[in-house]
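Have a look at the structure that comes next, please.
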Amino acid sequence: MLLLFWGGIVQSQTDIPTDYFSNPLDIDLVLAGNFGEMRANHFHSGLDLKTQQKEGLPVYAPADGYVSRIQVQHYGYGKALYILHPNGYTTVYGHLRSYAGEIEKYVKDTQYKKETFELELFPDKTLLPVKKGDIIAYSGNTGGSGGPHLHFEIRDSSQRPMNPLLFGLEIPDTKTPIISALFAYPISEDAQINQSQNRTKLRLTKQKDGSYKSESLTAFGKIGFGITTYDQQNGASNKNGSYKIKTTYNGTEKFEVLFNKFSFSETRYLNRYTDYNYYETNKSMVQKLFREKNNPLSIITKEDENGFVTVADSLNSIYTIEVDDFKGNSILVSIPIDGKNLEILDPKKEEKTDDYIYADHATSITKGKFSIYISANSLYEDTYLNIEAKGDTLKFHEDVIPIHTNISITADISAYNEADKDKLYIGRLNYRGVPYYNSTTRNGDKLTGKTRTFGDYTVAADTTPPKIKSVNFSEGKWISNQNFLEVKITDDLSGISSYRATINGKFILMEYDYKKNVLTYNFNDNVNLESENNLKLIVIDNVGNSATFETKFFRKQP
Ligand SMILES: [Zn+2]
């Protein structure tokens, strides 16, 4: 039975078709980001394909199939398209400027019918079939995209994102992965590294053969290692992720991480796998080459003692780390370890407080007007939290510990004027003390916000409605030659929640670009206009303050 099981796995790996999907762009593939690379709170689930710093490149169906899903969002993937192929794989395209042909028409028609910009559709297989090479969309920069590119994914039949390079897409890469830092972590109570019980950075020296050697260290007890590493491909300077990391201890394999596929339900465990504290303080991701409890990540493909090593007194040993990219370019680090149980000079840093949280218990805490509810397994490990309430502000530890599932913070607002209560929200104070809106609900005199970030929270009031300003037209003017209407919308505190625009009382589709704070109407949408047109736009913020903008413009009739 065991043999059959392993046979099955090998079989499914070799079943990945390597000549089925073609390049979805008609330019050479250059990566701005690769599969599995580490981003805030998630592993990147596809390839970010460069589009020559511009938008509007045609995107081609890489194989036959049909449009199985369309999603338009202000944030996230922006305008996204999903194609299901007859072999069971789905390809995904994100941050599109627009869809093409019949797909665009179908989306627009539905947006007008439902009177909404954001939507999610699941067309059946007869509605929008595509043939390999059809233009399906145009690349863009919509949603949470930091510059024009195409986000491209391949998902298996269980909607798990897979490394698209496994499918034979060609990305030239002759560059060796870079290792930028190496750390050792004491794990057991009696463990130490260079007489310290804390994370210890180790110096690396490049050897003649190109490999790295760390300074030799003294250690004792159960310890683990972590690295910061990145890889680059030819033709771009972007720092992308590596493909495989393998470690050994005295020649025995210890641990392997492989970026072939994962599932979306596990992606947030990135915060468990990486050193969250180090990332929040240094903005650099350390991959911990061991599995701690509450880490179910499937990218860990081999492990002995969860990747930890136990160093005995008076014994010399050697630990190695090998980092590979997809093309097999490889770099090796060797770390000589001198087993010594020495006097501790740098004891474990841990601030003890009144609030010790057991990760596997649900916990309720009350401080001043605030009550906090932490569900079981919201945190990965037991910890002391530093929590203090001062009037309307709650100091809720610091953003150096990861939170896996939402923690709720409830504030008692009975002391506020009845009229003001509707304008309150729970805000998270940024470094300048501005209360950023945190999704908030009100139930009588209780205001509840949910969060996955430690930090300072406050009960904030937003009494100012959004601001609305025309960008490319002005009141009472003829604008017959313009293709677009652009309006700027902003809100100073709680942020934009919704908007609705009409011309002469009829709904018009305005697309919202939150990065530019701009709403755009496209005259090609062919809403029937008159010579004299009245535009009305209502914008509502997250606590319900509403602003109405009305103006008139003229357009020559055809
Ligand atoms: Zn992407």
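Numbering of residues begins at 1 and proceeds along the displayed sequence. Just follow the structure's listing: the first ligand is 1, and inside any ligand the first atom is 1.
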Would Asp231 and Lys327 pass as an ion pair if we require N to O under 4.0 Å?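 Lys327 and Asp231: not salt-bridged.
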How wide is the angle at the Zn ion (ligand 1) spanned by Asp48 OD1 and His44 NE2, rounded to 10 degrees?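 Once rounded, the angle between the two atoms at the Zn ion (ligand 1) is 100°.
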Do any of the N, O or S atoms of His149 sit under 2.8 Å from the Zn ion (ligand 1)?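 Checking the Zn ion (ligand 1) against His149, no N, O or S atom falls under 2.8 Å.
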Metal check, the Zn ion (ligand 1) vs His95 N/O/S, cut-off below 2.8 Å: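 Checking the Zn ion (ligand 1) against His95, no N, O or S atom falls under 2.8 Å.
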Should Arg69 and Glu120 count as an ion pair when the cut-off is N to O under 4.0 Å?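 Answer for the salt bridge query: yes.
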May I ask you to say whether Lys113 pairs ionically with Asp109, meaning some side-chain N is under 4.0 Å from a carboxylate O?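 Not counted as a salt bridge, because no side-chain N and carboxylate O are separated by less than 4.0 Å.
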Please name the atom of His151, restricted to N, O or S, that is closest to the Zn ion (ligand 1).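 Distance check against the Zn ion (ligand 1) picks out ND1 in His151.
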Restricting to non-hydrogen atoms, name the atom on Tyr20 and the atom on Pro86 that form the minimum distance, rounded to 0.1 Å.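 Tyr20 and Pro86 have their closest heavy atoms at OH-CD, 3.4 Å.
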